[in-house]
Amino acid sequence: MPANLGDRLRDVRKRRGMTQQELARESGVSVSLIRKLEQGERQDARLETVRRLAASLRVPTMRLVAESAEDGASPATLDQWATVRKALTAPLRDIAELDEPPTPEGVRDALSAAVPLFSGDRFTELRAVLPPLLRDADTVARLGPEGRAVRVRLLQLTGWLLTQTRQFEAAEWCLGAALDGSADRLQGASTVNTMCWLLLRQGKLSEARELASQWADDTEPRLSRATPDELSAWGWLLLRLSAAAVRDNRAEEAEDALRLAHSAAVALGREFAPGDDFLRAYGPVTVTLKRTENAMVLDRPDVVLKLAAKIPAGGFRPTSNNRNRHLLDVANAYARTRQYGHAVDTLASIRDAAPEWLPNQRYARDILGRIVAHRRTLTGEMRSLADTVGLPV
């Protein structure tokens, strides 16, 4: 297979007997971008763009993508989180030399107090509390099973946070350490859930599919006797499998996984968070949110808005990782259907609810860029949002 995206795109397009103009018309991707990719003037493209090209060429997205199409964190973001990353790999301290060595109970209580900072995307506060908390967790992990469990839980949360802020290499290290320390299969599945999301954000669709599929097969319970924890773990792995498959233009596989995820949600009968863990909250509303996400990947804004209208506002779980990610799909659907006022209002509502989360979302920047491109003049709200998401001038 040719080494770069442009060569692969050109080869597949010619095999399909399509001109650049025909591919542009079929995919909705500009002919100028297709030309630049094939001529090597552009070396990569957004995963969403590659998926649309692949869908029009009737090949899996990964036929065109050999490496990640997604950028990591900006230099400014890396600088802001440097102390957290340093704490992850700091040398272990000698407990005997500590004046007041931490205890598993104390670290567990400190972690419980920090969980609302994670679920509320309060990044500024997390940058302050995480370095000492990570060092204390490393210390108590050597004191027995209780300390190790606290460290695994903190690493799961920190890996999720690093994925959220696109610090992919550090997130991979963090989640790998959490998986290595897992006490049982369900705890491991919780970590793998975030690992799959990390791979999705990097554009590594095949790896995400394979990992989610393997773990979903290994953790599949008997629905008639499954515990809520088992249903949540299995359901989330199926949702990750579906997300990877739909982005790789494997619509039937995505729908099959989503159907099984729905059966797990029906067996639960409600939104359920094992051990009050907001990252594992699962149920019928969560499945509907992910079905909506799949519809947007397939460029069905009409389906997105139809499904969104049926989701009860009170049914969202208390984390913007799910709630606001869904609202970005809604804003995109409005933009795709030229309802720009509604799209801007939706983006503004996300900014007001999660001001530290939104700037890390490249998706938001793409949506607003599409809106701005169709406007002769910008409102004050649009200019404010452009500053928030870092839309280039």
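Without hydrogens or angle criteria, Ser182 side chain to Asp184 main chain gives no donor-acceptor distance under 3.5 Å. The backbone N or O of Leu78 lies less than 3.5 Å from a partner atom in the side chain of Arg85, making a donor-acceptor pair. The backbone N or O of Thr61 lies less than 3.5 Å from a partner atom in the side chain of Asp248, making a donor-acceptor pair. Between the side chain of Arg240 and the main chain of Cys196, no donor-acceptor pair closer than 3.5 Å is present. Put simply, the side chain of Tyr282 gets close to the backbone of Ala261: a donor and an acceptor are under 3.5 Å apart. Here the side chain of Ser349 pairs a donor or acceptor atom with the backbone of Thr346 at under 3.5 angstrom. Side-chain atoms of Glu38 do not come within 3.5 Å of backbone N or O of Ile34 as any donor-acceptor pair.
Under 3.5 Å, the side chains of Thr165 and Gln167 contain a donor-acceptor pair of N or O atoms. A donor-acceptor pair shorter than 3.5 Å cannot be found between the side chains of Thr19 and Arg13. A donor-acceptor pair shorter than 3.5 Å can be found between the side chains of Ser74 and Thr77.
In plain terms, the two heavy atoms of Arg127 and Thr83 that are nearest each other are O-OG1, 4.1 Å. The two atoms that bring Ala281 and Thr286 nearest to each other are O-OG1, 3.8 Å, heavy atoms only. In terms of heavy-atom proximity, Gly283 sits nearest to Glu271 at C-OE2, 2.8 Å. Here the shortest heavy-atom pairing between Ala55 and Asn249 reads N-ND2, 3.2 Å. The two residues Leu133 and Ala110 make their nearest non-hydrogen contact at CD1-CB, 3.8 Å. Closest approach of Ala189 to Ala233, counting heavy atoms only: CB-CB, 4.1 Å.
Of the inter-residue distances, the one linking Glu293 atom CD with Arg325 atom CZ reads 4.0 Å to the nearest 0.5 angstrom. To the nearest 0.5 Å, atom CD of residue Gln164 and atom CG of residue Leu198 are 12.0 Å apart. For the atom pair CG (Leu378) and CG (Leu391), the distance works out to 9.0 Å, reported to the nearest 0.5 Å. Between the CG atom of Asn332 and the CD atom of Glu48 there is a distance of 6.5 Å, given to the nearest 0.5 Å. Distance check, rounded to the nearest 0.5 Å: CE of Met382 to CG of Asp387 gives 14.0 Å. In this structure, CD1 in Ile350 is found 5.0 Å from CG in Leu327, a value given to the nearest 0.5 Å.
Under the side chain to side chain contact (heavy atoms under 4.5 Å, CB included) criterion, Arg142 pairs with Leu92, Ile95, Thr139, sequence neighbours left out. Partners of Ser190 by side chain to side chain contact (heavy atoms under 4.5 Å, CB included), not counting sequence neighbours, listed by chain and number: Gln156, Asp277, Arg280. Applying the side-chain hydrogen bond (donor to acceptor under 3.5 Å, both in side chains) criterion to Glu220, with sequence neighbours excluded, gives no partner residue. Applying the ring pair (Phe, Tyr, Trp, His ring centres under 6.0 Å) criterion to Tyr340, with sequence neighbours excluded, gives His374. When the salt bridge (Lys or Arg N to Asp or Glu O under 4.0 Å) test is applied to Glu253, the partners found at least two apart in sequence or on another chain are Arg209. Residues satisfying the side-chain hydrogen bond (donor to acceptor under 3.5 Å, both in side chains) criterion with Gln21, sequence neighbours excluded, are absent altogether. Here Ser263 pairs with nothing under the side-chain hydrogen bond (donor to acceptor under 3.5 Å, both in side chains) rule; sequence neighbours left out. Residues that satisfy the side-chain hydrogen bond (donor to acceptor under 3.5 Å, both in side chains) test with Asn294, not counting sequence neighbours, are Ser242.
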Task: Stepwise salt bridge (Lys or Arg N to Asp or Glu O under 4.0 Å) check, Arg135 with Asp138 - done: CA-CA 5 Å; Arg135 288 193 291 269; Asp138 279 345; over 6 Å; no

TODO: Start with the C-alpha gap between Arg166 and Asn360, add the side-chain angles, then the distance that decides, and say whether side-chain hydrogen bond (donor to acceptor under 3.5 Å, both in side chains) holds.
DONE: CA-CA 8 Å; Arg166 311 184 74 82; Asn360 289 281; over 6 Å; no

TODO: Let me see the working for Leu130 and Leu117 under side chain to side chain contact (heavy atoms under 4.5 Å, CB included), right down to the final yes or no.
DONE: CA-CA 10 Å; Leu130 270 180; Leu117 304 182; over 6 Å; no

Open item on the list: Walk me through whether Thr379 and Glu381 qualify under side-chain hydrogen bond (donor to acceptor under 3.5 Å, both in side chains).
Closed with: CA-CA 5 Å; Thr379 65; Glu381 188 74 281; over 6 Å; no

Task: Chi angles and distances behind the salt bridge (Lys or Arg N to Asp or Glu O under 4.0 Å) call for Arg10, Asp7 - done: CA-CA 5 Å; Arg10 182 182 60 251; Asp7 289 344; 2.9 Å; yes

Task: Evaluation steps, side chain to side chain contact (heavy atoms under 4.5 Å, CB included), between Lys306 and Arg300 - done: CA-CA 10 Å; Lys306 182 178 179 180; Arg300 292 296 308 276; over 6 Å; no

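A salt bridge does not link Arg250 with Glu255: every distance from a Lys NZ or Arg NE/NH1/NH2 to an Asp or Glu carboxylate oxygen is 4.0 Å or more. With salt bridges taken as basic N to acidic carboxylate O contacts below 4.0 Å, one links Asp256 and Arg259.
Under a 4.5 Å side-chain heavy-atom cut-off, the cluster of Ile, Leu, Val, Met, Phe, Trp and Tyr residues that includes Val303 is completed by Leu307. When hydrophobic side chains of Ile, Leu, Val, Met, Phe, Trp and Tyr are connected at separations under 4.5 Å, Val297 ends up clustered with Val246, Leu298.
Annotation: side chain to side chain donor-acceptor pair (under 3.5 Å) contacts involving residues 100-117, sequence neighbours excluded, comprise Arg108-Glu146. Among residues at least two apart or in separate chains, salt bridge (Lys or Arg N to Asp or Glu O under 4.0 Å) pairs with a member in residues 88-98 are Arg93-Asp136.
For the pair Phe272 and Leu231, the minimum side-chain heavy-atom distance is 4.5 Å or more. The shortest distance between side-chain heavy atoms of Leu57 and Leu9 falls below 4.5 Å. In this structure, the side chains of Leu237 and Trp234 stay at 4.5 Å or more apart for every pair of heavy atoms. Taking the side chain as every heavy atom from C-beta outward, Arg351 and Ser384 approach each other to under 4.5 Å. In this structure, the side chains of Leu358 and Leu328 come closer than 4.5 Å at one or more pairs of heavy atoms. Residues Tyr363 and Leu368 fail the side-chain proximity criterion, which asks for heavy atoms closer than 4.5 Å. Side-chain atoms of Phe168 and Leu162, non-hydrogen and from C-beta on, never get closer than 4.5 Å to each other. The closest side-chain heavy-atom distance from Tyr334 to Ile367 is not below 4.5 Å.
The aromatic rings of Trp160 and Phe118 sit tilted, their planes meeting at an angle between 30° and 60°.
Judged by the 6.0 Å and 45° rule, Arg185 forms a cation-pi pair with Trp215.
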